[in-house]
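Report on the following structure.
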Number of protein chains: 4
Amino acid sequence: MNKVVLIGRLTKDPELRYTPGSGTAVTTLTLAVDRRFTKDTQQKEADFIPVVVWGKSAESTAQYMSKGKLMGVSGRIQTRSYEAKDGGRRYVTEVVAEEVQFLEWGAKGQNSGEGGFGGYGKEDSGFGSSFDDMTPVDDGEIPF
Amino acid sequence: MNKVVLIGRLTKDPELRYTPGSGTAVTTLTLAVDRRFTKDTQQKEADFIPVVVWGKSAESTAQYMSKGKLMGVSGRIQTRSYEAKDGGRRYVTEVVAEEVQFLEWGAKGQNSGEGGFGGYGKEDSGFGSSFDDMTPVDDGEIPF
Amino acid sequence: MNKVVLIGRLTKDPELRYTPGSGTAVTTLTLAVDRRFTKDTQQKEADFIPVVVWGKSAESTAQYMSKGKLMGVSGRIQTRSYEAKDGGRRYVTEVVAEEVQFLEWGAKGQNSGEGGFGGYGKEDSGFGSSFDDMTPVDDGEIPF
Amino acid sequence: MNKVVLIGRLTKDPELRYTPGSGTAVTTLTLAVDRRFTKDTQQKEADFIPVVVWGKSAESTAQYMSKGKLMGVSGRIQTRSYEAKDGGRRYVTEVVAEEVQFLEWGAKGQNSGEGGFGGYGKEDSGFGSSFDDMTPVDDGEIPF
DNA sequence: TTTT
DNA sequence: TTTT
């Protein structure tokens, strides 16, 4: 059993790539998730969690999400390792999305300033989109 | 282990009560949670999940949430039974919230028509509020 | 978003049926999940959560699980209603399994008394089985 | 919202330490969690997830869990960074336990061979222990 | 109607 | 650096 649910904001615009082999879409992003217990002595009050999205959802995420937008993710924790430039082994722990839900909309460039929208609600005819059509892909194919 | 996470919309305004004994606040509501696999033959495409919120969060929920607003809930599934008016035993399965997150704001009456707000985003100075200060209370005290 | 994870014990042997239409296997069971906060004044210290398992996992569950065995389940909460014999509408809230994990093994009849096994560990060559091949089926097909 | 549930086996005996400041107990361990979709081409079929347990549960975990034992954990994902010996910044993503459940028992040294116990079931008078009395502690206090 |  |  390996289950994760996150609600947080993108720290940057998501990055969409395609695997060299099968050409599967894969989007990477980092979610800033606010902590509940913000002790005053605790300087950092959010966790910055790396997320990987595969398949059609990867493309939707890259299209509709951008820096600062709110997003729900469910999935699992994955660990992998790679060789760093200094020859050392680095260990990566990240969340592989199984379902994504857009809680605020807005592509990159939108909503930046004078009056773009950005809310998510009745007025915007927005609704939480939920995707689940991701194709898990072999680890070896990850292009990063 | 008994863990639940939901994101959904209130089907009605939340109902705030206080326990007869200790006077603890308790709010009940129903979340409509959209299903992911909407097969065309499937007429109902949401689940309507009863949620109970205790303590300070109960009051926040009653204050800031209303019909149609989007809300995140984590908690656990609780079952209990009661005697119906016809003398039969009824079994209730509901979610007891441990943490609530308001993904859209707006009290009852707000946002109804001409131009109230309702979005949740930077423009609205909105941010996802997360509460966790609920006091679990004895089953017997539930006033419904 | 609608996610549930449970670890609990079967209150009875699971019941395996097949849908009239497509003949899909469906197993129903109830998990007794111990509560964490057992206040002394609280007489009931477990929740009894109805679970539905579909497809190949339904058959595995019926085959390997029995009353008292420990089981992990992940899935989602589903609500539905039906007409009771007295003509009244009854509302059901249950967990639909997406993944099951057998934490103790033992078919019905096994492990009952003089020395059957029942543990789950190295000695039993047991390992946690995890299934995910369930076929969601139309609500209307549920044969109960 | 930041929720995690894991069921997996300890890759090594857990390590119990105490924070220099307040003397709070903290146990670190790694859970090997089997993946569901084991594609044949995929050499690694488990994720190795670092877990931190605080407080009284830290001591229980160190006392009752050991290499190979099966354990359930719920909690949240935490990220932090530290300076490596080579001067570079390293980023750590780990799970902070909020609840632990021992699905197999056995201290270090026990269950090693000829006939130690290790199962978890009626025969062993075992029952799933669930702890939740952990005291979250300041990041700066983590002694590693 | 409940499990250890 | 990994468990069954």
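Only a predicted model underlies this, so the values are computations on that prediction, with no experimental measurement involved. Order of the sequence lines fixes the chain letters, A, B, ..., with proteins taken first and strands second; residue numbering starts at 1 for each chain.
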Task: Euclidean distance, atom CE of residue D:M71 to atom C1' of F:dT3 [Å, nearest integer] - done: 13 Å
Task: C:F48 side-chain proximity, nearest of E:dT4, E:dT2, F:dT2 - done: E:dT2
TODO: Send over the distance from D:L70 CG to F:dT2 C1', rounded to a whole Å.
DONE: 16 Å
Open item on the list: Rounded to whole Å, how long is the line connecting atom NZ of C:K67 with atom C1' of E:dT2?
Closed with: 8 Å
Open item on the list: Expressed as a whole number of angstroms, how long is the span from B:E83:CD to E:dT1:P?
Closed with: 11 Å
Open item on the list: Side chain of C:T30, heavy atoms from C-beta onward: which of E:dT1, E:dT3, E:dT2 has the nearest atom to it?
Closed with: E:dT2
Task: Nearest-Å distance for atom pair CD/C1', residues C:E15 and E:dT1 - done: 11 Å
Task: Separation of atom CH2 in C:W105 from atom P in F:dT4, rounded to whole Å - done: 17 Å
- [ ] Measure from the side-chain heavy atoms of D:A46 and tell me the nearest of F:dT3, E:dT3, F:dT2.
- [x] F:dT3
Task: Nearest-angstrom distance from the residue atom CG of C:D13 to P of E:dT3 - done: 12 Å
Task: Contacts of type salt bridge (charged side-chain N to carboxylate O under 4.0 Å, His left out), residue C:E59, not counting sequence neighbours - done: none
Task: C:S74: partners by side chain to side chain contact (heavy atoms under 4.5 Å, CB included), with sequence neighbours left out - done: A:M1, A:K3, C:V5, C:E99
Task: Electrostatic pair C:R76-B:D47, nearest N-O below 4.0 angstrom - done: yes
Open item on the list: Measure CG/C:L31 against C1'/E:dT3 and give the value in whole Å, please.
Closed with: 9 Å
Open item on the list: Looking at B:R80 and B:E94, is any side-chain nitrogen of the basic one under 4.0 Å from a carboxylate oxygen of the acidic one?
Closed with: yes
Task: Minimum-distance nucleotide (side-chain atoms of D:T11 versus E:dT1, E:dT3, F:dT2) - done: F:dT2
Open item on the list: What's the closest nucleotide to the side chain of B:Y91 if the choices are E:dT1, F:dT3, E:dT3?
Closed with: E:dT1
